Each structure stands twice: as structure tokens, then as C-alpha cells.
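Worth saying up front: this structure is predicted, and the values here are computed from it rather than measured.
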Amino acid sequence: MKIEPPGDLTMPYAPFDLTGKVALVTGGNGGIGLGMAEGLAAAGASVAIWGRNPDKNAAAEERLRKHGGEVLAQIVDVTDEAQIDTAMDELLAMFGRLDSCVANAGTGYGRERFEEMSSETWHRTMKVNLDSAFYTLRAAAKPMVERARNGEHGGSLMAISSVSAISGAPGNQPYATTKAGMIGMMKGLAVEYGRYGIRANTILPGWTMTDLAAPGLTSEAFEKFVLPRVPLKRWGTPEDFGGIAVYLASDASAWHTGQEFTICGGYTVF
């Protein structure tokens with residue numbers, strides 16, 4: 001089976017136009033997820049966001065609508081397979097298609113010593129981070145594969161991992177395990193779905209100023225010992241992830257799959 005490249009890629013930046021495309025971002029009502037959703041909306045995509053907090057969903061929806069495209073904010077607990085399937089049906093009923101999916105929703109981690117770590121901490125982190133990504137990406141892949149079998153190839157699956165997947169920290173083992181697992185899952189999807197023109201890539205954020213991370217990043221210890229390791233001398237912001245989301249959702253990345261994109265201000269250079 002031969003898959004042709006998409007359209008005319010000769011016009012400057014034209015491939016980054018997402019007009020007519022539909023994107024889903026889980027956890028898209030705040031933090032990195034909202035930064036990516038806003039980048040996608042600004043590039044012309046119709047955007048669906050999944051989140052559990054109605055107020056945050058409403059605020060994010062209002063913000064995204066300012067870019068002029070269609071927006072769907074859905075109340076979804078991504079650890080619940082039934083809710084995911086129902087939400088996906090609603091999304092497809094509204095938009096008729098899904099072109100890209102960002103499995104972003106997840107939880108942070110505590111600082112329990114490994115030998116004292118509870119099984120509850122381990123299993124909860126696996127469920128919220130890794131299981132939810134599996135459920136989400138599985139649901140997103142189905143309409144993409146069906147569309148490809150009907151003759152329209154293409155689609156983009158993305159998972160938000162972390163630099164924790166490739167660098168160690170004490171008390172961080174459950175979180176790091178889920179984020180490393182995402183890399184393996186996405187590589188497998190890249191191989192399995194390449195025949196349909198569906199790409200699968202992983203994004204590894206570095207230290208980013210979100211509501212979840214702010215208490216740590218504003219501490220004296222982080223500013224004294226961690227920030228100096230960032231060559232760009234600042235923490236990341238959610239807006240720093242709009243560009244990579246647009247690239248991977250667009251035809252510009254039509255031959256880019258099975259890779260990890262580390263967005264960390266250079267933190268991992270050292």
C-alpha cells in the first residue's frame with residue numbers, strides 16, 4: 001500500500017494551517033493541555049477538551065472560542081472507560097471526524113521514600129497517568145483507522161510524557177514509570193498504524209509553571225539548584241507547547257512518527 005504525501009507543501013508555513021481539522025486534548029482546561037489547545041485553535045482547528053472541573057472547562061471553552069473556531073468542552077474522567085467511549089461518540093457526532101488526539105491528562109507525584117511508598121500511590125499513579133492514556137488513545141485510534149480503511153489516510157496521536165522518563169529523582173518512581181511507559185506505547189503505535197498514515201509521537205515537557213507545579217518551582221530550593229540547570233534561564237509556560245502541538249497535528253509532520261520531542265529549555269543538556 002502506497003501512501004501519498006498530503007497536498008502541496010511548497011507554500012511557506014501553509015502546512016501548519018489546521019483549518020478543517022479536529023483535535024482533542026485531554027486535560028485541556030488548564031496547564032500544558034490548555035496551552036496546546038489554544039495553539040491548535042489559533043491555527044484553525046476545531047478543538048474538543050476533556051476535563052473533570054466544570055468551571056475550568058467553561059473558562060477554557062470561552063478562551064478557545066476567541067480564536068473563532070468550534071469548541072467542545074466535555075466533562076470526562078479519563079480513568080473511566082465508559083465515560084471516554086461516550087465522550088468520543090459525542091465528539092464524533094458533533095464534528096464528524098477526529099484528526100489528532102493529545103493524551104495529556106495526568107497527575108503529579110509525591111515524595112514518599114521508595115521503601116515506604118504505599119501500593120495505593122503506585123496503583124493510583126498508574127491508573128491516572130498510564131491507563132487513562134491507553135483508554136484515550138485506543139478510543140481516538142478507532143475512527144482514524146476506520147477513516148483510513150475507507151481511503152482517507154492520516155491522523156496524529158500524541159502523548160504527554162515528561163523529562164522524568166529519562167532522568168531520575170527520589171520519590172518519583174511511579175510518575176517516571178508512567179511517563180516512560182508512554183514512550184514505549186507510542187513507539188508501538190507508530191509501527192502499527194504507520195500503514196494508515198497515522199503518526200504517533202511523545203512530548204517530554206521539562207519544568208513548566210502550571211498550577212500543579214508552581215508550589216515547587218517557586219521554592220527556594222528549585223530556584224537555587226534547578227533553575228540554573230536550564231540554559232534558557234526560565235521555567236516553561238503552557239504557551240511554550242502550542243507550537244509542538246500544531247506541528248504534530250499538521251501536515252508539516254506527515255513523515256514524523258515514533259519520536260520523542262523534549263521541550264525543556266535545554267534542561268536535559270547537562
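Counting only distance, with no hydrogens or angles, the side chain of Thr136 and the backbone of Ala133 share no donor-acceptor pair below 3.5 Å. Between the side chain of Lys179 and the backbone N or O of Ile160 there is at least one donor-acceptor pair closer than 3.5 Å. For the pair Glu112 (side chain) and Ser118 (backbone), a donor-acceptor distance under 3.5 Å is present. Looking only at distances, a side-chain donor or acceptor of Arg199 sits under 3.5 Å from a matching main-chain atom of Gly155. In this structure, Arg147 contributes its side chain and Leu98 its backbone to a donor-acceptor pair below 3.5 Å. Side-chain N or O atoms of Asn29 include none that pairs as donor or acceptor with a backbone N or O of Ala60 at under 3.5 Å.
Within the 4.5 Å cutoff, side-chain heavy atoms of Met88 are placed close to those of Leu24. With contacts defined as side-chain heavy-atom distances shorter than 4.5 Å, the pair Pro54/Ile75 qualifies. Using a 4.5 Å heavy-atom cutoff, the side chains of His67 and Val47 are not in contact. When side chains are defined from C-beta on, Pro174 counts as touching Met117, because their heavy atoms get closer than 4.5 Å. Using a 4.5 Å heavy-atom cutoff, the side chains of Leu34 and Leu64 are in contact. Between Asn129 and Tyr175, some side-chain heavy-atom pair lies under the 4.5 Å cut-off. Counting heavy atoms from C-beta on, the side chains of Thr202 and Ser161 come closer than 4.5 Å. When side chains are defined from C-beta on, Tyr247 counts as touching His256, because their heavy atoms get closer than 4.5 Å.
In this structure, Tyr193 is not a member of the same hydrophobic cluster as Val191, with clusters built from ILVMFWY side-chain heavy atoms closer than 4.5 Å. Linking Ile, Leu, Val, Met, Phe, Trp and Tyr whenever their side-chain heavy atoms come within less than 4.5 Å puts Tyr135 and Leu157 in one cluster. Criterion: ILVMFWY side-chain heavy atoms under 4.5 Å apart, direct or through other members. Under it, Ile183 and Met126 are not part of a common hydrophobic cluster. Note on Met158: it does not cluster hydrophobically with Leu204, by side-chain heavy-atom contacts below 4.5 Å among ILVMFWY residues.
For the pair Arg229 and Phe270, the cation-pi criterion (under 6.0 Å, within 45° of the ring axis) is not fulfilled.
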Using atom types as modelled, flag every donor-acceptor pair under 3.5 Å from a side chain in residues 257-264 to any protein atom, sequence neighbours excluded.
| residue | atom | partner | partner atom | Å |
| --- | --- | --- | --- | --- |
| Thr257 | OG1 | Ala200 | N | 2.9 |
| Gln259 | NE2 | Thr257 | O | 3.4 |
| Glu260 | OE2 | Lys187 | NZ | 2.9 |

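Under 4.0 Å is where a charged nitrogen must lie from a carboxylate oxygen, and between Arg234 and Asp240 at least one such pair does. Ion pair Arg138/Asp85 not flagged as a salt bridge, since none of the NZ, NE, NH1 or NH2 atoms sits closer than 4.0 Å to an Asp/Glu carboxylate oxygen. Between Arg65 and Glu61 there is a salt bridge, with a side-chain nitrogen of the basic residue lying less than 4.0 Å from a carboxylate oxygen of the acidic one. Residues Asp80 and Arg52 are not paired through a salt bridge, judged by the lack of any N-O separation under 4.0 Å between the basic side chain and the carboxylate. Between Arg63 and Glu239, at least one side-chain N (NZ, or NE/NH1/NH2) sits under 4.0 Å from a carboxylate O, which counts as a salt bridge.
Between Trp207 and Trp235, the angle of the ring planes goes over 60°, which puts this pair in the perpendicular group of the 30/60° scheme.
Enclosure of atom CD in Glu220 is not indicated, since only 12 or fewer non-hydrogen atoms of other residues, nucleotides or ligands lie within 6.0 angstrom. In the displayed structure, Lys224 atom NZ is contacted under 6.0 Å by at most 12 heavy atoms of other residues, nucleotides or ligands. In this structure, Asp211 places its CG atom where only 12 or fewer heavy-atom neighbours from other residues, nucleotides or ligands lie under 6.0 Å away.
In this model, no donor atom of one side chain and acceptor atom of the other lie less than 3.5 Å apart for Thr218 and Glu223.
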